[in-house]
Amino acid sequence: TRKTTISPREQAILNLPSPEAMQTKLRQKIHMEVKQLHKQIHSISRVSKPGNAFKLNLLYARIRRLNGLLAELVEASFEVLKRLFVRVFIDEQPIL
């Protein structure tokens, strides 16, 4: 008999929480990232340096995309939710 080993990633995917719990964790993660971006915006906007307007523009664009993703989470199917959850929490990749 052959023993098949399951990787920790596959084990985590097999033990995913309920869709509601995944949605809640993703929502919290997005809110934390938006909060962190607001802190960066606040610190950048206090100092006048060349290129800061460009950086601010990029940060605001990222916040808009995160807020759009947050709105999509409400209507997302289980497959989309599962894919995003695995990418963010199991593979530990950035949200965007």
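Residues: numbered from 1 along the sequence shown.
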Quiz prompt | Pair listing, side-chain hydrogen bond (donor to acceptor under 3.5 Å, both in side chains) test, anchored in residues 74-83, at least two apart | solution = none
Quiz item: With hydrophobic residues grouped by side-chain heavy-atom distances under 4.5 Å, do Leu56 and Leu37 end up in a single group?
Solution: yes
Practice problem: Name all pairs fulfilling the salt bridge (Lys or Arg N to Asp or Glu O under 4.0 Å) condition that reach into residues 36-57, sequence neighbours left out, sorted by first residue then second. | Solution: none
Practice problem: Determine which pairs satisfy ring-ring contact (aromatic ring centres under 6.0 Å, His included) with at least one residue from residues 28-58, sequence neighbours left out, and list them in order. | Solution: none
Quiz item: Sequence neighbours excluded, which residues qualify as side chain to side chain donor-acceptor pair (under 3.5 Å) partners of Arg62?
Solution: Glu33
Quiz item: If every non-hydrogen atom of Val74 is compared with every non-hydrogen atom of Gln23, which pair is closest and at what distance?
Solution: CA-NE2, 3.6 Å
Quiz prompt | Pair listing, ring-ring contact (aromatic ring centres under 6.0 Å, His included) test, anchored in residues 64-96, at least two apart | solution = Phe85-Phe89
Practice problem: Enter the distance from Ile30:CD1 to Ile95:CD1 here, rounded to the nearest 0.5 Å. | Solution: 5.0 Å
Quiz prompt | Interatomic spacing from CD1 in Ile13 to OG in Ser7 - rounded to 0.5 Å | solution = 7.5 Å
Quiz item: What is the minimum heavy-atom distance between Val88 and Lys29, and which atoms define it?
Solution: CG1-CE, 3.8 Å
Exercise. Could you grab the distance from atom CD1 of Ile41 to atom CG of Asn52, nearest 0.5 Å is fine?
Key: 11.5 Å
Quiz prompt | All salt bridge (charged side-chain N to carboxylate O under 4.0 Å, His left out) counterparts of Arg9, not counting sequence neighbours | solution = Asp91
Quiz item: Does one hydrophobic cluster hold both Ile44 and Leu58, with members joined at side-chain heavy-atom distances below 4.5 Å?
Solution: no
Exercise. Hey, could you give me the CD/CG distance between Glu20 and Leu81, rounded to the nearest 0.5 Å?
Key: 9.0 Å
Practice problem: Measure the CD-CG distance between Gln40 and Leu59 for me, rounded to the nearest 0.5 Å. | Solution: 5.5 Å
Self-check item: Pairwise side-chain contact, Leu26 with Leu69, heavy-atom cut-off 4.5 Å (strictly under)
Solution: no
Quiz prompt | Check: Val34 and Leu70 side chains under 4.5 Å, non-hydrogen atoms | solution = no
Practice problem: Mind checking the CD-CD1 spacing from Glu10 to Ile90? Nearest 0.5 Å is all I need. | Solution: 11.0 Å
